[in-house]
Amino acid sequence: MEFKGILSKMKTNLAETVSYSMVLNESIEVNSFLGKRISLTWTGIIQCAGCNKSIKKSFGDGFCYTCFSTGAESSPCIIRPELCRAHLGEGRDVAWELKHHNVEHIVYLASSDSVKVGVTRSTQIPTRWIDQGAAKAIVFARTPNRYEAGRLEVALKSIFTDKTNWQKMLKNEVDDTIDLIDEKWNLYESLPDDLLTHFSDEDDYTELKYPVVRYPLAVKSCSLDKSSQFEGELTGIKGQYLIFSDGSVFNVRKHTGYEVSLTVK
Ligand SMILES: [Zn+2]
Ligand SMILES: [Zn+2]
């Protein structure tokens with residue numbers, strides 16, 4: 001089987017095990033490739049995810065330099081929600097900001113090797129959790145906009161990390177003793193009232209299971225910039241990564257815009 005097209009973030013669906021599909025010239029269900037040898041070859045072309053222009057090098061998640069430095073989807077408030085000005089009717093692209101950032105956001109706690117805090121638009125749940133490869137996640141607060149979520153996240157960052165350790169995530173180093181409901185209520189007890197305005201008492205957490213046959217003991221990331229072709233036996237999919245039997249891992253999202261052909265043997 002051979003497919004060809006422009007890579008983008010894998011689409012996911014939360015079932016008992018997360019199901020993944022890649023979107024090239026058609027939508028391709030990836031879970032069924034587990035145990036098979038697949039090869040990816042880059043044609044040398046990258047298409048900007050913002051303006052579709054052909055580029056040699058991408059910035060952020062698949063943008064040309066212009067889109068990266070001026071586009072709404074790579075605004076500073078994407079990485080740092082506390083900088084968002086959508087609630088004031090301001091931003092790089094006000095219409096985009098109003099639609100995507102002046103809407104309900106959640107602040108969540110996710111567990112893997114440790115407890116992590118994060119922010120996302122409420123419609124991005126559970127997608128965001130899957131993309132990070134979280135083992136479990138729980139809603140902590142629902143805020144009316146991105147700025148308020150960011151303000152709360154900044155306070156929580158002094159207690160929990162906001163970074164995912166991708167190597168540990170891919171080796172499945174999970175701390176099973178973490179109880180997110182406990183963590184959430186302990187946090188509730190310790191925070192000052194002004195940070196609890198948007199607290200949500202939803203007590204059910206989401207558990208995420210990934211299609212992985214075997215986790216690697218050591219991981220090395222492969223990039224199409226270093227080698228335009230690689231091949232391996234697919235042993236798992238987690239977060240936005242393909243995991244191969246030799247411990248190579250491929251970050252699909254990081255290759256947004258790359259024109260590739262995918263062969264499944
Ligand atoms: Zn562009
Ligand atoms: Zn914003």
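Quick caveat, the model's predicted, so the values are computed rather than measured. These values consider heavy atoms only, across backbone and side chains, with no hydrogens, waters or symmetry-generated copies. Whatever order the structure lists them in is the order used to number ligands and atoms, beginning at 1.
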**Asked** Short question: side chain of Ser74, backbone of Cys67 - any donor-acceptor pair under 3.5 Å?
**Response** yes

**Message:** So, of the N/O/S atoms that His101 has, which is the nearest one to the Zn ion (ligand 2)?
**Reply:** ND1

**the Zn ion (ligand 2) - closest N/O/S atom in Glu97** = OE1

**Request:** Work out the angle at the Zn ion (ligand 1) between SG of Cys67 and SG of Cys51, rounded to 10°.
**Result:** 110°

**Request:** Report the angle formed at the Zn ion (ligand 1) by atom SG of Cys48 and atom SG of Cys64, rounding to the nearest 10°.
**Result:** 110°

**Item:** Side chains of His105 and Arg146, donor plus acceptor under 3.5 Å
**Value:** yes

**Item:** Distance-only polar pair, side chains of Gln132 and Thr164, donor-acceptor under 3.5 Å
**Value:** no

**Item:** Phe250 and Phe230 aromatic ring geometry - parallel, tilted or perpendicular at 30°/60° bounds
**Value:** tilted

**Parallel, tilted or perpendicular, as decided by the 30° and 60° cut-offs, for the rings of Trp185 and Tyr188** = perpendicular

**Item:** His100 near the Zn ion (ligand 2): N/O/S under 2.8 Å
**Value:** no

